[in-house]
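The chains referred to below are lettered A, B, ... by the order of the sequence lines, with proteins before strands, and numbering in each begins at 1. Quick note: numbers below take in every heavy atom, side chains included, and nothing from hydrogens, waters or symmetry partners.
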Amino acid sequence: MIKVELKDGVVKEFEKGTTAAEVTKSLGAGLYKAACVCRVDGVVCDLRTPLENDCRLEIVTFDETDGKKAFWHTSSHVLAQAVKRLFPNAKFAIGPAIDSGFYYDFDVEKPFSPDDFEKITAEMKKIVKEGLAVEKFLLQPDEAIKLLEEMDEPYKVELCKEHSDKGEPISFYKQGEFTDLCAGPHLMTVANIKAIKLTACTGAYWRGDSKNNQLCRVYGVSFPKASMLEEHLKMLEEAKLRDHNKIGRELEYFTTVDYVGQGLPVLLPKGARVIQLLQRWIEDVEQKKGCQLTKTPLFAKRELYKISGHWDHYLDGMFVLGDPHDETKECFALRPMTCPFQYQVYLNKQRSYRDLPMRLTETSTLFRNEASGEMHGLIRVRQFTISEGHYILRPDQLEEEFKGCLELAKYCLDTVGLLEDCTFRFSQWDPANPNNKYEGTAEQWEEAQAVMKKILDNIGLKYEVGFDEAAFYGPKLDIQYRNVFGKEDTIVTIQIDMLLAEKFGMYYIDSDGQKKLPYIIHRTSLGCYERTLAYMLEHFAGALPLWLSPEQVRVLPLSENLADKAKEIEAQLTAAGIRASSDIRSEKIGYKIREAQLEKIPYMLVIGSKEVESGTVSVRSRKQADMGTMPLSDFIALALDEINTKKK
RNA sequence: GCUGGAAUAACUCAGUUGGUAGAGUACCUCACUCGUAAUGAGGAAGUCGAGGGUUCAAGUCCCUUUUCCAGCUCCA
């Protein structure tokens, strides 16, 4: 007999070798039905796992992430089974669970059409109704490879051969006529998958490498109850209403024009105003932090990029003016980054250790020739403006300055309301990167990464490691943000560079009279303005905080004959530094309010004869509706306080 | 760059098997002078993304191309 400790410390005895499933069943039919997988002493396992020793057993349902993962993983097998039935020639790659569902990659002659989708969904539902039990079996590596070869699954054979190096048995899962190479864990039966929706069909490269064959990836999501699926789809619809690419256009922040080109959004007055406000604020904040503002050219001769290394690493990503390969003629390129330009400020004269740290910042417009399929609203564009900076430092200043950069970035992101949803990624090099991406020696890399790790650990920052995500000249701390579709991008980056100073001959004379190489931190405080604006539009669903609202107050006279009074109030607001307008059209007040509300105008001041008589305004906010009447001066004080404190 | 989807009035979208281009909103005009999310009537508005082709006839079928969307790859 073995002792099994259950939830809340209850201990029960079972025969040695009893499976977790049998234990669960003994606890109650309802629990067994809801159970997806279990954790034995904290390790996620199949319910079919036999318990051999005393242990702690947790039953995991769909409510937990581990449960969802298993549920969706099994769903991906059902998808594969349905595809096999309908398209017997399809070859199978991988089919994992992801954060919001599952996918399976297939090699098929023709990608699936929406029509095929319906058929596949119907077949999946049929399979669920058949209520097949999921069984697990193990094979020795050579037997496993033989089986997969017989099944004519070349991708699976490739995967299996890699696992077989370990010499461990290979696990398979089987439901009905369908067998798949898989590590699991899986549900006990497909019968629990009550609601299924296939969401997208896209291309995806085998093993994530664009040199490889492109497969057909089918995305889906599934739930134990139909109502949960409905709720999920409703949530997705609501997320889409926050999409900056939709509301940014609707609310007239930006637009795109066919004949201007891809990745070149046109900022409309509202978008331009927000970016101006952010830029003025950041430039002032940086000045107070001891930064020096620079303004350097937007393009330069090819020779500059050759020194920095960008010419060799990123020629494809640059907009080149002239023939890049004709060395007999002058050739220019628009700048894809600011580093080599800003270094010229440092190089302007001989520098002493007393000049350091030198904190150079610039509101820098950059140009990157992104591949045509990469562009996305304001998030991924070909021309953008970034709060860029390079700090040139003595080694003894590195830690403190790095902390300063991180504090500044956190302050900026917090002020614009985005920090709470950010995650941190320590982006490191891959010594074995096949494309020769990284410059410098292993010693230099180990040192730079050790320094960064020490700094991050000292601060106690929670971060993930991004392997093979470093810049070609050094490791990065990337601050990541997810858009409404869950896609992650870097919003802010802080990088340690030990290589470029030498390339540009950026020495300083130390206190001992010796020439020495400085460290350089590449950093941004708020990231690039377009991207930050995009995320703010999503975060606030278009209702930007008052201090950043392009139009802060709209005066709404009840009737046309109060137009002069409205204009007078507007002028008083403008004089107080508030961005105001008035709606003097001969429309009903409800109509004007509705429009202002849809435009997310923070405050509406309604004025009628009552207000004119008493010298007050009737205040309505987009959040709290009617706030009652007050003297105009009171409202101005209230608004200015909200603006000056940058209230979110 | 790759896979899939899309493009019709300023916006959101209808448009049957190929046979004269439609609605709502917005816009303009007029009336109404209004109390916290849509007043009424009338009017104007489209080379059906662009370029080729098939056809007596193309928004609709075929080819090319541009842009937008989702995903992959990439992201200094």
Side-chain angles (χ1 to χ4, degrees), chain A residues 103 105 108 110-114 117 199-219 240 243 245-246 249-250 252 255-264 305 308-311 313-314 316-318 335-340 366 368-377 379-381 386 388 435 437 439 469-474 476 478 485 487 489-490 493 495 497 500 522 556-563 585-599 604-611 618-622 625-629:
Chain A
Y103 69 79
D105 285 348
V108 282
K110 227 180 87 199
F112 298 127
S113 66
F117 254 51
T199 50
C201 175
T202 72
Y205 299 104
W206 168 236
R207 319 218 88 175
D209 189 336
S210 58
K211 291 187 199 85
N212 288 340
N213 199 8
Q214 191 163 42
L215 307 167
C216 173
R217 174 172 297 177
V218 177
Y219 285 91
K240 275 190 203 157
D243 180 4
N245 212 355
K246 183 175 159 62
R249 290 170 197 270
E250 280 171 2
E252 297 180 24
T255 186
T256 49
V257 181
D258 283 15
Y259 41 82
V260 171
Q262 265 196 313
L264 297 169
Y305 306 107
S308 67
H310 289 91
W311 190 260
H313 285 275
Y314 298 107
D316 286 350
M318 282 198 257
R335 66 178 183 192
M337 36 62 231
T338 323
C339 336
L366 304 179
R368 297 182 183 181
N369 193 4
E370 305 285 1
S372 64
E374 309 297 349
M375 264 64 76
H376 172 56
I379 287 178
R380 192 81 180 271
V381 290
I386 185 165
E388 175 86 291
N435 304 318
K437 177 177 169 188
E439 293 197 4
E469 295 281 358
F472 76 82
Y473 46 72
K476 307 190 286 182
D478 293 322
F485 299 106
K487 186 171 171 135
D489 266 300
T490 301
T493 177
Q495 315 171 351
D497 164 18
L500 293 185
H522 304 230
L556 308 178
L558 270 175
S559 69
E560 219 171 347
N561 52 34
L562 291 169
R585 294 173 303 172
S586 61
E587 295 289 352
K588 281 188 153 179
I589 195 68
Y591 182 88
K592 293 184 188 181
I593 286 171
R594 180 182 150 81
E595 241 176 45
Q597 197 77 39
L598 290 173
E599 286 177 52
M604 289 150 260
L605 301 184
V606 176
I607 52 161
S609 48
K610 271 189 266 171
E611 285 76 15
S618 172
V619 181
R620 184 188 163 96
S621 96
R622 65 185 170 194
D626 196 345
M627 292 168 67
T629 57

**Message:** Considering every strand and a 4.0 Å limit on heavy-atom distances, what is the contact class for A/Gln262: base, sugar-phosphate, or nothing?
**Reply:** sugar-phosphate

**Asked** Is any side-chain N or O of A/Tyr219 under 3.5 Å from a base N or O of B/G4, one able to act as donor and the other as acceptor?
**Response** no

**Asked** Given that both distances must come in under 3.5 Å, which nucleotide forms a Watson-Crick or G-U wobble pair with B/A45?
**Response** none

**Atom-pair distance (CZ on A/Arg207; C1' on B/C72), nearest Å** = 16 Å

**Asked** OG1/A/Thr490 to NZ/A/Lys476 distance, rounded to the nearest 0.5 angstrom?
**Response** 5.5 Å

**Request:** Could you tell me the separation between the CG atom of A/Leu605 and the P atom of B/U36, rounded to a whole number of Å?
**Result:** 16 Å

**Message:** Please report the distance, rounded to the nearest Å, between CD in A/Glu560 and C1' in B/U39.
**Reply:** 14 Å

**Complete:** A/Arg217 has its side chain closest, among B/C27, B/G35, B/C72, to B/C72

**Nucleotide B/A38, atom C1' - distance to CD of A/Glu595 in whole Å** = 9 Å

**Message:** For a quick check, tell me whether the side chain of A/Ser586 and the base of B/C32 share a donor-acceptor pair closer than 3.5 Å.
**Reply:** yes

**Fill in**
From CG of A/Leu556 across to C1' of B/A37 the rounded distance in Å is 12 Å

**Assigned partner base of B/C30, Watson-Crick or wobble definition, under 3.5 Å** = B/G40

**Complete:** In A/Val619, A/Asp626, A/Ile593, the residue satisfying side chain to side chain contact (heavy atoms under 4.5 Å, CB included) with A/Met604 is A/Ile593

**Prompt:** Between B/A76, B/C72, B/C75, which nucleotide has the shortest distance from any of its atoms to the side chain of A/Tyr473?
**Reply:** B/A76

**Asked** Contact class for A/Lys592 (heavy atom, under 4.0 Å): base, sugar-phosphate, or nothing?
**Response** nothing

**Item:** Nearest listed nucleotide, side chain of A/Ser609, among B/G35, B/A76, B/G1
**Value:** B/G35

**Asked** Which base sits across from B/U12 as a Watson-Crick or G-U pair, both distances under 3.5 Å?
**Response** B/A23

**Message:** In this structure, how many angstroms lie between the P atom of B/C32 and the CG atom of A/Leu558, rounded?
**Reply:** 18 Å

**Fill in**
Per atom distances to the A/Asp626 side chain, the nearest of B/U36, B/G1, B/C34 is B/U36

**Request:** Nearest 0.5 Å please: distance from the CZ atom of A/Arg380 over to the CD atom of A/Gln262.
**Result:** 12.0 Å

**Item:** Separation between the C1' atoms of B/U20 and B/G4, rounded to whole Å
**Value:** 36 Å

**Asked** Counting N and O atoms only, with roles assigned by atom type, does the side chain of A/Arg249 sit under 3.5 Å from a partner on the main chain of A/Asn245, one being a donor and the other an acceptor?
**Response** yes

**Message:** Counting only heavy atoms not in A/Glu250 (residues, nucleotides, ligands), do more than 12 fall under 6.0 Å from its CD?
**Reply:** yes

**Request:** Round to a whole Å and report the spacing from CZ of A/Phe472 to P of B/A76.
**Result:** 10 Å

**Request:** Rounded to whole angstrom, note down the C1' distance from B/C27 over to B/A10.
**Result:** 8 Å

**Asked** Within the pair A/Arg620 and B/A37, is there a side-chain N or O less than 4.0 Å away from OP1 or OP2?
**Response** yes

**Prompt:** Do A/Arg380 and B/C74 have a side chain to base donor-acceptor pair shorter than 3.5 Å?
**Reply:** yes

**Request:** Just compare B/U3, B/C69, B/A37 and give me whichever is closest to any side-chain atom of A/Arg594.
**Result:** B/A37

**Message:** Using the side-chain heavy atoms of A/Asn245, tell me which of these nucleotides is nearest: B/A76, B/C68, B/U73.
**Reply:** B/C68

**Message:** Between A/Arg585 and A/Glu595, does any NZ, NE, NH1 or NH2 come within less than 4.0 Å of an OD or OE carboxylate oxygen?
**Reply:** yes

**Message:** Using a 4.0 Å heavy-atom cut-off, does A/Glu250 contact any base of the nucleic acid, only the sugar-phosphate backbone, or nothing at all?
**Reply:** nothing

**Message:** Classify A/Thr255 by what it touches in the nucleic acid, base, sugar-phosphate, or nothing, heavy-atom distance under 4.0 Å.
**Reply:** nothing

**Request:** Just compare B/G35, B/G1, B/C69 and give me whichever is closest to any side-chain atom of A/His376.
**Result:** B/C69

**Message:** Does A/Arg368 contact B/C75 through a side-chain donor or acceptor facing the base, at a distance under 3.5 Å?
**Reply:** no

**Request:** May I ask you to say whether A/Asp209 pairs ionically with A/Arg207, meaning some side-chain N is under 4.0 Å from a carboxylate O?
**Result:** no

**Request:** Identify the nucleotide, in any strand shown, that forms a Watson-Crick or G-U wobble pair with B/C74, with both distances under 3.5 Å; if there is none, say none.
**Result:** none

**Prompt:** Tell me: NZ of A/Lys487 to P of B/C75, nearest whole Å?
**Reply:** 12 Å

**Message:** Distance criterion of 3.5 Å, no angle test: do you see the side chain of A/Glu370 paired donor-to-acceptor with the base of B/G1?
**Reply:** no

**Asked** With respect to the phosphate group of B/G35, does any side-chain polar atom (N or O) of A/Tyr591 fall under 4.0 Å of OP1 or OP2?
**Response** no

**Request:** Counting Watson-Crick and G-U wobble pairs only, both distances under 3.5 Å, name the nucleotide matched with B/U60, or none.
**Result:** none

**Asked** Out of B/U33, B/G1, B/U67, which has the shortest distance to the side chain of A/Asp258?
**Response** B/U67

**Prompt:** When rounded to the nearest Å, what value does the distance between P atoms of B/U60 and B/U54 take?
**Reply:** 15 Å

**Asked** How would you label the contact of A/Pro336 with the nucleic acid (heavy atoms, under 4.0 Å): base, sugar-phosphate, or nothing?
**Response** base

**Item:** Base of B/U36 paired with side chain of A/Gln597 (donor-acceptor, under 3.5 Å)
**Value:** no

**Message:** Any strand counts, and the cut-off is 3.5 Å on both contacts for Watson-Crick or G-U wobble. Which nucleotide pairs with B/G4?
**Reply:** B/C69

**Asked** Touch check for A/Gly474, heavy atoms < 4.0 angstrom, all strands: base, sugar-phosphate only, or nothing?
**Response** nothing

**Asked** Closest to the A/Phe485 side chain: B/U39, B/G71, B/G1?
**Response** B/G71

**Request:** Using atom types as modelled and distance alone, determine if a side-chain donor or acceptor of A/Lys437 lies under 3.5 Å from a backbone N or O of A/Ala470.
**Result:** yes

**Item:** Below 4.0 Å: OP1/OP2 of B/A76 and any side-chain N or O of A/Lys476
**Value:** yes

